[in-house]
*Asks:* 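Before I ask anything, here is the structure I am working with.
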Amino acid sequence: MIILWLVIGISALVHWLFKINKDYHILAFFSRRVTAKDGKLVESIAPTPKGRTIFANTFDLYGRDHAGVFDHSRERAKQMGTSYIEYAMGTAIYNVIDADSAENVLNHPNLITKGLVYKFLHPFLRTGLLTSTGKKWHARRKTLTPTFHFNILNQFQEIFKTESFKFLQQFEGQDDITITLHDVIPRFTLNSICETAMGVKLDEMAEKGDRYRENFSQIEECFIRRLSNPLLWGDTVFNLFAAKDYAAALDVVHSFSSEIIAKRRVLLKDELDNRSANQSADDEIFNTKKRFAMLDTLIHAEKDGLIDHIGICEEVDTLMFEGYDTTSIGLIFGLMNMSLNADKQELCFKEIQEHIDDDLSNLDVSQLNKLKYLEYFMKETMRLFPSVPIMGREAVQETELANGLILPKGSQITIHVFDIHRNTKYWDSPEEFRPERFLPENVQNRHTYAYVPFSAGQRNCIGQKYAMQEMKTLMVALLKQFKILPAIDPKKIIFHTGITLRTQNKIRVKLVRRK
């Protein structure tokens, strides 16, 4: 009798599982399945690769190192040849590697919430502009957008020039030197973002700035650990078994940003007191001469009750990270490409010589804008080596895309920028470095979303003009004094997955002073 009831129970369970398997991928921990409009076959729009285990794609990344995680995405993109769907740990993941799908996602009004992996950054960034959503994101974006206005960027230009001079001073008296870019460029970009957007010079805090950057690598290690181990995706398990390993690093980076805020509060108060004591009849003229810092905007917003101190910390942590890290990657690969492409470096140099005085006295925004080939050069660098190789979104409600896919609530969307930028549908010989791809006549017929190093749509990067201005300024200063020669074989570069694009190798170049 017991056996009979056992057989009946198992039969009922199998029948139930078989029935719901049409709507849920059971072995992927009951991931809700993606469907398609009008009964169309989902596989005809976005196929699903076979996973490493019976649990669909849940453990495809498990046990892989940083290089293995990066290579997995590249291999899968080549294997599938089109955007594809994975099922892992109770979630459907739509992986985008083509421009049409990227456009559908990045412009969709219901897809402004960042994906699951951004939650792995919450201990570091909390919910600042990068990681927040909904009303909070809209309010913060509205507050911060004016701080990157053209007039503000104009005022930042002198700082970029000064920091570029300071960068070159470390090579004074040397006519021939090989440098490791990962050691020198991040210091330049961190100094720049702190003095421009934060309004604080790091001259007296150089050692603390170095500690900030060192401990940031520990936070990135945490990010990869969670990304590759689905058992740590949930905050509860992570907080119980892994969070303590990174507490000290978080303390360092948060203490650094808190000190920046405290220092700017004092400086701003002194400036306002001085202004009040020396106020002239023509306030408007005074205001146009005052440098405007992003942090000032947040401090004033706090006085107006629009943000609290924690909110300021969130945005400072976010803007410092984005402002120094992503820009440093663009410069590192830009200088590497200069070293590897002597003919294109010469074209950049001749253009600089035509428009920029040797003492850089006329190096303002209007002159920078005349350096078209240098801009094409940096854009091609960011095509091949996007600072943010992957972006994510989450469907907070059932969402239909223009291609007919219907994503269930909770679905994750991963936009593989690295693969879109090398998709042969939009780029011929995509591995070749050719700045001419960005000549106006070559851009006009290319899909707009085939090139998205700064994202696109509502959540595009707020600081993209800032980044390009900073990178071009240092490039001009450096090329004025040095030829850049190769000191690394690009074929031996091993890429790592990180919060941003990483390499196992330290990228080096040789600087030879121009006669």
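When a residue number appears, it is its place in the shown sequence, counting from 1. This is a predicted model, so every value here is computed, not measured.
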*Asks:* Check whether the side chains of Tyr324 and Ser192 place a donor and an acceptor atom closer than 3.5 Å, and report yes or no.
*Replies:* no
*Asks:* Honestly, is Arg226 close enough over Phe124, meaning NZ or CZ under 6.0 Å from the six-membered ring centre and within 45° of the axis?
*Replies:*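 Here Arg226 fails the 6.0 Å and 45° test against Phe124.
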*Asks:* Could you check whether any side-chain heavy atom of Tyr87 comes within less than 4.5 Å of a side-chain heavy atom of Thr48, counting everything from C-beta outward?
*Replies:*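 A side-chain contact exists here, since the closest heavy-atom pair is under 4.5 Å.
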*Asks:* Rounded to the nearest 0.5 Å, how far apart are NE2 of His254 and SG of Cys313?
*Replies:*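 It comes to 8.0 Å.
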*Asks:* Can you establish whether the number of heavy atoms outside Arg64 located under 6.0 Å from its atom CZ is more than 12?
*Replies:* yes
*Asks:* Between atom CG of Leu250 and atom CZ of Phe216, what is the distance when rounded to the nearest 0.5 Å?
*Replies:* 11.0 Å
*Asks:* Tell me yes or no: between the side chains of Ser366 and Asn369, is some donor less than 3.5 Å from an acceptor?
*Replies:*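 There is no such pair between these side chains.
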*Asks:* Please find out if less than 6.0 Å separates the ring center of His421 from that of Tyr451.
*Replies:* yes
*Asks:* Begin from the C-alpha positions of Glu436 and Asn442 and carry the test side-chain hydrogen bond (donor to acceptor under 3.5 Å, both in side chains) through to its verdict.
*Replies:* CA-CA 8 Å; Glu436 292 76 16; Asn442 294 331; over 6 Å; no
*Asks:* Which pairs count as salt bridge (charged side-chain N to carboxylate O under 4.0 Å, His left out) when at least one residue sits in residues 133-142, sequence neighbours excluded?
*Replies:*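 Sorted pair list: Lys136-Glu314, Arg140-Glu314, Arg140-Glu315.
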*Asks:* What is the distance from atom CE of Met294 to atom CZ of Phe148, rounded to the nearest 0.5 Å?
*Replies:*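 Result: 6.0 Å between the selected atoms.
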*Asks:* Working to the nearest 0.5 Å, report the span between OG of Ser31 and CD of Gln412.
*Replies:* 11.0 Å
*Asks:* Among Phe438, Phe333, Phe433, exactly one meets ring-ring contact (aromatic ring centres under 6.0 Å, His included) together with Phe377. Which residue is that?
*Replies:* Phe433
